[in-house]
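Heads up: numbering here begins at 1 and tracks the sequence.
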Amino acid sequence: MNCQKRQTDPVKGASNWARLVIAGEQVLICPDCQATDEEWASRSDTCPDCGSTRLVVVMDSVVCKSCNRDFEREGFRSNP
């Protein structure tokens, strides 16, 4: 799933790269990897409070963009 492709400056509009948190790390999934791996989205961590996958890593924290809960990154556990 980690093809090592570098993201280039996007054209105007939404990016076709997916941003998610896996095992407490912020990762970008390129469009080609999304197309060839149907399971990529299921690897995303989820918020222990609300179950959302809308997570971002900010400094040493994982922040849920759905419920605004902030978890220390060191103690954050991803869903299996």
CZ (Phe71) and SG (Cys47) are apart, to the nearest 0.5 Å, by 4.0 Å
### Query
Okay, side chain of Ser44, backbone of Ala41: is any donor-acceptor separation there less than 3.5 Å?
no
| For the side chain of Ser15 and the backbone of Trp17, is there at least one donor-acceptor N/O pair under 3.5 Å apart? | yes
| query | Can you find a heavy atom in the side chain of Thr53 that is under 4.5 Å from one in the side chain of Leu20? | reply | no
Tightest non-hydrogen contact, residues Asp45 and Gly24, listed as OD2-N, 2.8 Å
With a 4.5 Å heavy-atom cut-off, do Ser52 and Cys67 have their side chains touching?
no
Taken to the nearest 0.5 Å, the spacing of Cys64 SG from Asp70 CG works out to 10.5 Å
Taken to the nearest 0.5 Å, the spacing of Leu55 CG from Ser66 OG works out to 8.0 Å
- Item | Min side-chain heavy-atom separation Lys65-Val56 under 4.5 Å | yes
Ile29 and Gln34 have their tightest heavy-atom pair at O-NE2, 2.8 Å
Side-chain heavy-atom pair Asp37, Arg43 within 4.5 angstrom cut-off:
yes
Any non-hydrogen side-chain atom of Val57 less than 4.5 Å from a side-chain atom of Val21? yes
dist Cys50:SG -> Arg69:CZ (nearest 0.5 Å) comes out at 10.5 Å
